[in-house]
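Data block below; observations after.
What you see is a predicted model, and the numbers here were worked out from it, not measured in a lab.
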Amino acid sequence: MPAIPTPLLDVPGLPAGPADIRLIVTDMDGTLLDGDQRIPVGLWPMLAELRGRGVLFSPASGRQYATLARQFADVAEGMVFIAENGTYVVRDGVELSSDPLERATAAGVAEAVRRLNAAGGDAGAVVCGKRAAYVERTDEAFLAEVRRYYVEHRVVDDVTAVDDDFIKVAVFDFHSAERSTAPALAPFAGTHQVVVSGEHWVDVMTRTANKGAALRALQQALGITPAQTMVFGDYLNDLEMMDAAEWSFAMSNAHPDVIARARHLAPSNDENGVLRTISRVLGL
């Protein structure tokens, strides 16, 4: 049985002074953002303090790079964005790494979603490229969900016929992604990752792509160790990040598997858990 993570306010061995943290990586939805999808206002002065201490703050999300860049537009200089669940990592507009998805796989996933819908399902595929995301569904309910995560998106006749480098296929399911779309995409699980990244989202990526792999590559490039890294997450697409940092925190609202994988627990996203934890560990 896995060890139960230690609650934030009762962490044995916490340093008397600030911990030697050089990199903080946080998921967005269900982690940094509150239940209304808002960035906590206290983050902005905290980012200035972290910069002054030489600590790099990096959002790591299933969200599109363009979406993350817009959310952090006023402070984006020098910030590393781990976008699309680790398949696309960018700093100051320059690609640091990517893990492209084969066009044939993207086409297969899109076709599987079409079959799911023909059998009574209610899902939509979002084929994610480096320049934009591409969708076929045109109903407003679906597009409203797409806009939340993909600022740069285009409606096309065939999501697989566009000229772009594909990095991921995300599928939004109006029902339960874990019980409906994930089983429909099970045939891809033998060769690719099929990750439930939220209550209504499933992502299909290459076998090697995940936030943890992107984080390890970033640590190596920057000369930062797992002992100097703090991560926060709440859902299954955050699991690998928990293994890449000694300061790994699952939010108290996290999926049970994430709580089991993390070393510590942080207060929930609606309790400003990320900022409270950073303040506690770094002595801000």
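Without hydrogens or angle criteria, S248 side chain to V231 main chain gives no donor-acceptor distance under 3.5 Å. One N or O on the side chain of H200 and one on the backbone of H175 form a donor-acceptor pair closer than 3.5 Å. A donor-acceptor contact shorter than 3.5 Å links the side chain of Q64 to the backbone of E152. Although no hydrogens or angles enter the test, the distance criterion places a donor-acceptor pair under 3.5 Å between the side chain of K168 and the main chain of G62. Between the side chain of D173 and the main chain of A123, no donor-acceptor pair closer than 3.5 Å is present. No donor-acceptor pair closer than 3.5 Å links the side chain of T229 to the backbone N or O of L23. Side-chain atoms of S268 never come within 3.5 Å of backbone atoms of S252 as a donor-acceptor pair (strictly under, hydrogens ignored). Put simply, the side chain of R261 never gets that close to the backbone of L236: no donor and acceptor are under 3.5 Å apart. Side-chain atoms of R22 never come within 3.5 Å of backbone atoms of V55 as a donor-acceptor pair (strictly under, hydrogens ignored).
Proximity of E84 to M205: side-chain heavy atoms (C-beta onward) are nowhere separated by under 4.5 Å. At a threshold of 4.5 Å between non-hydrogen side-chain atoms, the residues M46 and L282 do not count as touching. Proximity of V25 to I82: side-chain heavy atoms (C-beta onward) are separated by under 4.5 Å at one or more points. Taking the side chain as every heavy atom from C-beta outward, H264 and T277 never approach each other to under 4.5 Å. The closest side-chain heavy-atom distance from F232 to I278 is below 4.5 Å. At a threshold of 4.5 Å between non-hydrogen side-chain atoms, the residues F172 and V126 do not count as touching. In this structure, R114 and E136 have side chains that are in contact, with non-hydrogen atoms separated by less than 4.5 Å. Side-chain atoms of V80 and L96, non-hydrogen and from C-beta on, do get closer than 4.5 Å to each other.
In this structure, V109 is a member of the same hydrophobic cluster as V156, with clusters built from ILVMFWY side-chain heavy atoms closer than 4.5 Å. In terms of hydrophobic clustering, with Ile, Leu, Val, Met, Phe, Trp and Tyr side chains grouped at heavy-atom distances under 4.5 Å, V196 and V169 are assigned to a common cluster. V151 and Y88 are members of different hydrophobic clusters when ILVMFWY side chains are connected at heavy-atom separations under 4.5 Å. L50 and V281 fall within the same hydrophobic cluster, where Ile, Leu, Val, Met, Phe, Trp and Tyr residues are linked whenever their side-chain heavy atoms come under 4.5 Å apart, directly or through other members. A continuous path of hydrophobic side-chain contacts links Y134 to V113 [ILVMFWY only; heavy atoms under 4.5 Å].
In the displayed structure, E77 atom CD is contacted under 6.0 Å by at most 12 heavy atoms of other residues, nucleotides or ligands. The 12-atom threshold is exceeded at CD of E111, counting heavy atoms of other residues, nucleotides or ligands nearer than 6.0 Å. Residue D157 places its CG atom among 12 or fewer non-hydrogen atoms of other residues, nucleotides or ligands, all under 6.0 Å distant. The environment of CZ in R70 is sparse: at most 12 heavy-atom neighbours from other residues, nucleotides or ligands sit within 6.0 Å.
The two residues G233 and A254 make their nearest non-hydrogen contact at O-CB, 4.1 Å. In plain terms, the two heavy atoms of P40 and L275 that are nearest each other are CG-CD1, 3.8 Å. Considering all non-hydrogen atoms of both residues, A170 and D203 come closest at CB-OD1, 3.2 Å. Closest non-hydrogen pair, F166 versus A106, comes out as CD1-CB, 3.8 Å. Between L116 and A184, the closest heavy-atom pair is CD1-CB, 4.2 Å. Nearest heavy-atom pair, G283 versus R53, reported as atom, atom and distance to 0.1 Å: O-NH2, 3.8 Å.
For D158 and T160, the side-chain atoms include at least one donor-acceptor pair closer than 3.5 Å.
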Inset, instruction - List the steps and the verdict of side-chain contact (heavy atoms from CB on, under 4.5 Å) for L101 and T87. - result: CA-CA 9 Å; L101 185 69; T87 61; over 6 Å; no
Legend entry - E240 vs R216, side-chain contact (heavy atoms from CB on, under 4.5 Å): CA-CA, chis, key distance, verdict: CA-CA 10 Å; E240 291 83 2; R216 291 184 189 278; over 6 Å; no
Legend entry - Candidate pair L43 and F72, rule side-chain contact (heavy atoms from CB on, under 4.5 Å), full reasoning: CA-CA 11 Å; L43 178 65; F72 291 91; 3.8 Å; yes
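Atom-to-atom distance recorded for S58:OG and F81:CZ is 8.0 Å, nearest 0.5 angstrom. The CZ atom of R263 sits 11.5 Å away from the CE atom of M242 when rounded to the nearest 0.5 Å. From R63, atom CZ reaches atom OG of S197 across 11.5 Å, with rounding to the nearest 0.5 Å. The CG atom of L32 sits 12.5 Å away from atom CZ of R38, with the distance rounded to the nearest 0.5 Å. Here the straight-line distance linking atom CZ of R148 with atom CG of L143 works out to 13.5 Å at 0.5 Å rounding. To the nearest 0.5 angstrom, M251 atom CE is 9.5 Å from D270 atom CG.
Ring-plane geometry between W247 and F249 is classed as parallel, the angle between the planes falling under 30 degrees on a 0 to 90 degree scale with a further cut at 60.
Exactly one residue among L68, D29, T67 makes a side-chain contact (heavy atoms from CB on, under 4.5 Å) with Y149. That residue is D29. D99 pairs in a side-chain hydrogen bond (donor to acceptor under 3.5 Å, both in side chains) with only one of the listed residues (T208, N210, N85), which is T208. Only one option out of N269, T26, D234 pairs with T31 in a side-chain hydrogen bond (donor to acceptor under 3.5 Å, both in side chains); it is D234.
Checked against a 6.0 Å centroid threshold, the rings of Y235 and W201 do not count as neighbours.
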